[in-house]
Amino acid sequence: MEKYRLRFAPSPTGPLHIGGARSALFNYLLAKKNKGTFIVRMEDTDLERSSKASEENIKNSLRWLGMNWDEGIDVGGDCGPYRQMERLDIYQAAVDKLLAEGKAYYCFCSEEELAAEKEAQQSRGENPHYSGKCRHLSKERQEELRTQGIKPVIRFRVPEGEEVVIHDLVRGDVTFETDGIGDFIIVKSDGIPVYNFAVVLDDVTMGITHVIRGEEHLSNTPRQAVIYKALGYEMPKFAHISLILGRDEEGNLTKMSKRHGSTSVIAYEQQGFLPEAIVNFLALLGWAPKGEEELFTLDELVKQFSLDRVSKSPAVFDMEKLKWINGMYIRKASAERLLEYGLPFLKKAGLVKRNPKVNEMIWAMLVIDALKNYISCFAELPEIIKKYQGDITYDAGAIEEFKANKEVVVTVMVAMKEKLEGVKTLDAQIYKDLLKEIQNETGIKGRDLYHSLRLAKTGEEQGPDLDKLAVIMGRDLMLKRTNDFLEFAETL
RNA sequence: GGCGCGUUGGAGAAGCGGCUUAACUCACCAGCCUUUCACGCUGGCAUUCAGGGGUUCGAAUCCCCUACGCGUCACCA
């Protein structure tokens with residue numbers, strides 16, 4: 001059986017974004033599913049935009065998501081180095097070969113010339129591509145131009161009149177005409193190879209068997225295919241996964257970008273999303289599970305994943321769904337983990353001190369436990385807590401209910417006032433006991449008791465259990481609200 | 001403009017020629033559960049698959065055309 005080798009090859013020009021993370025995930029899943037190798041390398045040939053910080057960010061995000069790689073950057077392996085800028089000699093050898101065989105040539109055209117050429121072609125209604133002007137420059141002429149200080153680029157000589165068929169694992173056979181592709185640049189004037197060329201050498205020398213990447217690369221594939229052919233290498237299997245779209249304010253769907261909200265993995269981390277939720281959500285972007293279950297851990301995804309359930313049509317980034325998934329994972333998480341993820345948000349909001357004492361930690365734990373069913377990410381925590389600690393307002397619906405049930409509500413609240421005045425502090429157990437007493441003394445129970453209390457104390461129809469809320473609000477605020485309500489009830 | 005890809009409900013999305021009177025999930029609505037609500041559970045929610053033609057006994061599924069959307073045509077990846 002063929003040994004699967006897949007890779008994720010980002011360029012370190014910014015933080016890992018959602019689309020990249022999804023590509024990484026699909027490669028990871030297919031590799032793991034087939035007991036293969038998952039490799040991470042860096043495509044850092046764009047000197048202008050590449051940065052060490054970006055590389056670190058990408059690696060951190062991948063690790064945070066749980067996608068650890070078997071080979072590549074930082075971890076090493078037999079096919080290193082794993083940064084393109086450290087592999088220049090590999091590319092050089094291939095360039096020399098192509099040059100020697102006449103499959104590539106130096107081009108001295110200036111930017112201005114090229115732009116003029118392109119414009120002329122467009123005005124004639126032609127498909128703009130390089131004319132091949134420098135294809136047959138003599139050695140002498142080349143030398144002459146060189147001495148003039150012109151630094152040439154190297155172009156690949158694209159064979160004419162050929163058909164390139166890409167056997168794409170998700171899209172089927174896709175055919176391109178080589179005549180639609182101009183002689184493209186494989187080495188820039190500074191001597192650094194360009195992506196389309198370097199990627200081929202990397203995939204070949206690293207023994208990559210499958211390439212899963214975004215659809216935006218589909219039209220690049222024929223370029224790479226002709227290079228594979230010219231060099232006499234076999235192509236890996238390609239799978240182009242659909243774009244991720246976002247909906248803008250007008251409701252139009254376009255490629256996911258900043259205007260649709262956060263696009264980087266770290267932004268979601270900072271908003272208090274759980275890594276397993278992100279992974280789960282990402283997997284659902286363009287891939288569909290077989291059964292009705294949609295919640296999967298990374299390991300479960302490895303078992304479930306298969307390319308034939310990857311969709312051709314674009315995936316839409318549905319924030320509501322992400323929130324739902326995250327909420328589900330928050331509800332499942334252990335108290336320790338909830339505290340670990342939630343505490344930083346409480347600290348940032350000043351709800352808990354920088355170096356909390358034990359009782360503050362307990363408070364935080366209880367608060368998070370009380371609210372975990374009502375949040376979709378941890379960033380929502382402080383807001384909700386402040387809402388319960390702040391001023392209360394009753395909406396029209398609540399007031400209607402009070403009027404309809406005035407006697408019951410007031411009876412309950414009068415009893416509550418007495419009970420609260422009788423205690424110094426409040427916790428869930430004390431609150432429950434108070435409630436029990438009120439129930440016994442007034443004979444009011446069930447919805448009449450619970451619902452009117454909730455409505456009077458929070459102004460809400462639904463929400464966390466009041467005994468848990470007691471911890472957030474505390475005895476004094478509970479009492480104040482009770483008094484306020486009683487005063488307010490007079491006006492009804 | 002050339003080339004390439006796509007188009008299924010309020011939303012995401014299955015479906016690959018008959019088993020589809022179109023799964024599943026989110027949202028919404030109703031009921032059950034819980035001494036309240038949420039969670040969970042049960043049920044409801046597209047006679048229809050962008051539009052038009054064709055192939056076939058039979059099409060969301062195959063072919064053609066039209067429309068719309070998106071991607072790509074860089075000394076960026």
Side-chain angles (χ1 to χ4, degrees), chain A residues 9-14 20 43-46 48-50 84 107 109 111 114 118 121-129 151-155 166 168 170-171 174-177 179-182 184-196 198-199 213-223 240 242-243 245 247 252-255 281 284-295 308-309 311-325 327-328 331 372-374 435-436 439 444-455 458 460-466:
Chain A
S11 61
T13 54
E43 307 207 326
D44 55 352
T45 55
D46 185 344
E48 294 276 312
R49 299 193 301 152
S50 293
Q84 290 186 326
C107 169
C109 295
E111 236 173 276
L114 261 16
K118 190 172 172 181
Q121 285 170 333
Q122 266 169 339
S123 69
R124 273 181 269 132
E126 287 171 23
N127 175 24
H129 64 263
K151 288 219 190 315
V153 299
I154 299 174
R155 286 184 186 271
I166 307 299
D168 192 280
V170 348
R171 327 199 86 88
V174 184
T175 309
F176 297 88
E177 310 281 338
D179 291 354
I181 314 168
F184 55 93
I185 293 170
I186 55 174
V187 179
K188 297 183 259 186
S189 57
D190 58 6
I192 295 171
V194 118
Y195 159 78
N196 266 321
V199 73
R213 51 165 38 160
E215 190 191 305
E216 64 268 27
H217 287 282
L218 186 56
S219 354
N220 271 323
T221 313
R223 280 167 236 272
H240 288 94
S242 58
L243 270 355
L245 268 30
R247 194 178 294 282
N252 301 313
L253 288 171
T254 46
K255 187 173 171 178
F281 176 70
L284 261 17
L285 250 29
W287 171 81
K290 216 170 175 58
E292 56 188 68
E293 186 56 56
E294 289 197 317
L295 263 15
D308 52 56
R309 294 194 69 80
S311 174
K312 284 195 265 239
S313 44
V316 176
F317 189 97
D318 182 357
M319 196 59 201
E320 289 307 309
K321 190 85 175 236
L322 206 209
K323 284 184 173 172
W324 174 75
I325 291 175
M328 294 307 284
R331 274 159 225 169
K372 68 177 180 186
N373 288 345
Y374 299 89
L435 220 55
K436 198 93 196 159
Q439 192 184 132
I444 297 169
K445 60 182 180 177
R447 190 187 152 89
D448 281 343
L449 178 61
Y450 284 83
H451 195 254
S452 42
L453 233 28
R454 170 190 304 286
L455 205 57
T458 69
E460 289 179 336
E461 289 281 347
Q462 51 166 271
D465 291 340
L466 273 185

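Side chains are part of it too, since the values below use all heavy atoms of this structure and drop only hydrogens, waters and symmetry mates.
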* Contact class for Tyr374(A) vs. all strands (heavy atom < 4.0 Å): base, sugar-phosphate, or nothing? -> base
* Within the distance-only criterion (no hydrogens, no angle test), does the side chain of Arg213(A) pair as donor or acceptor with the backbone N or O of Leu218(A) below 3.5 angstrom? -> no
* **Atom-to-atom span, CZ of Arg454(A) to P of U34(B) - whole angstrom** => 17 Å
* Main-chain N/O of Ile181(A) paired with Arg223(A) side-chain donor or acceptor, under 3.5 Å -> no
* To do: Say whether, by atom type as modelled, one donor and one acceptor occur between the side chain of Lys321(A) and the main chain of Leu284(A) under 3.5 angstrom.
  => no
* Asked: Which is true for Lys321(A) with a 4.0 Å heavy-atom rule: it touches a base, it touches only sugar-phosphate, or it touches nothing?
  -> base
* When rounded to the nearest Å, what value does the distance between C1' atoms of C39(B) and U72(B) take? -> 47 Å
* Nearest non-hydrogen partners of Glu43(A) and Ser11(A), listed with the distance -> O-CB, 3.0 Å
* Using Watson-Crick pairs (N1 to N3, plus N6-O4 or O6-N4) and G-U wobble pairs, both distances under 3.5 Å, which stems of at least 3 pairs involve RNA chain B? -> B:1-7 with B:67-73, B:10-12 with B:24-26, B:28-32 with B:40-44, B:50-54 with B:62-66
* Are any side-chain N or O atoms of Asp168(A) and backbone N or O atoms of His240(A), one a donor and one an acceptor, separated by less than 3.5 Å? -> yes
* Taking for each residue the nucleotide of RNA chain B bearing the nearest heavy atom, is the 5' side occupied by Gly286(A) or by Glu293(A)? -> Gly286(A)
* **Pairwise P distance for A13(B) and A50(B), with rounding to whole Å** => 14 Å
* Give the rounded distance in Å between these two atoms: CH2 of Trp287(A) and P of U25(B). => 15 Å
* **Pairwise C1' distance for A11(B) and A74(B), with rounding to whole Å** => 37 Å
* Asked: Which part of the nucleic acid, if any, lies within reach of Lys372(A) when heavy atoms closer than 4.0 Å are counted: base, sugar-phosphate only, or nothing?
  -> nothing
* Asked: Any donor and acceptor pair, going by atom type alone, linking the side chain of Arg331(A) with main-chain N or O of Asn373(A) inside 3.5 Å?
  -> yes
* To do: Start with the C-alpha distance between Asn220(A) and Tyr195(A), add both sets of side-chain angles, then the distance that settles side chain to side chain contact (heavy atoms under 4.5 Å, CB included), and finish with yes or no.
  => CA-CA 10 Å; Asn220(A) 271 323; Tyr195(A) 159 78; 4.2 Å; yes
* Of all the nucleotides listed (G6(B), A14(B), C39(B)), which has the minimum atom distance to the side chain of Ser311(A)? -> A14(B)
* Integer-rounded Å distance: C5(B) C1' and Arg213(A) CZ -> 15 Å
* Distance between P atoms of U61(B) and G54(B) (Å, rounded) -> 14 Å
* Asked: Considering only the P atoms, how many Å lie between A22(B) and A46(B), rounded to the nearest integer?
  -> 9 Å
* To do: Quick one: label Met319(A) by what it contacts on the DNA or RNA (base, sugar-phosphate, nothing), any heavy atom closer than 4.0 Å.
  => nothing
* Asked: Hey, does Ser242(A) reach any base, or is it just sugar-phosphate, or nothing, if we go heavy atoms under 4.0 Å?
  -> nothing
* Asked: Roughly, in whole Å, what's the span from NZ in Lys323(A) to C1' in C26(B)?
  -> 13 Å
* **Whether Gln121(A) side chain and His129(A) backbone form a donor-acceptor pair below 3.5 Å** => yes
* To do: Evaluate the ring planes of Phe317(A) and Phe281(A), with Trp represented by its six-membered ring, and classify them as parallel (under 30°), tilted (30 to 60°) or perpendicular (over 60°).
  => perpendicular
* Would you classify Ser452(A) as touching base, sugar-phosphate or nothing, given that sugar-phosphate means primed atoms plus P, OP1 and OP2, and contacts are heavy atoms under 4.0 Å? => nothing
* **Base-contact (B) and sugar-phosphate-only (S) positions in nucleotides 62-77 of chain B, heavy-atom cut-off under 4.0 Å, - elsewhere** => --------SSSSSBBB
* Just by distance, do the side chain of Ser242(A) and the backbone of Ser313(A) share a donor-acceptor pair under 3.5 Å? -> yes
* **Between A59(B) and G4(B) - P atom distance, rounded Å** => 30 Å
* To do: Give one of base, sugar-phosphate or nothing for Gln439(A), where a contact means two heavy atoms less than 4.0 Å apart.
  => base
* Structure fact -> Separation of A23(B) atom P from Glu294(A) atom CD, nearest Å, is 15 Å
* Asked: Can you check the Lys436(A) NZ to U36(B) P distance for me, whole Å?
  -> 12 Å
* Take atom CG of Leu218(A) and atom P of G2(B), then tell me their distance rounded to the nearest Å. => 18 Å
* **C1' gap between C19(B) and A30(B), integer Å** => 32 Å
* Atom-pair distance (CD on Gln121(A); P on G2(B)), nearest Å -> 15 Å
* Asked: Taking the side chain of Trp324(A) as heavy atoms from C-beta outward, which of G15(B), A27(B), G6(B) is closest to it?
  -> A27(B)
* Hey, which of Arg171(A), Lys312(A), Lys255(A) is the one that makes side chain to side chain donor-acceptor pair (under 3.5 Å) with Glu215(A)? -> Arg171(A)
* Considering only the C1' atoms, how many Å lie between C26(B) and C33(B), rounded to the nearest integer? -> 23 Å
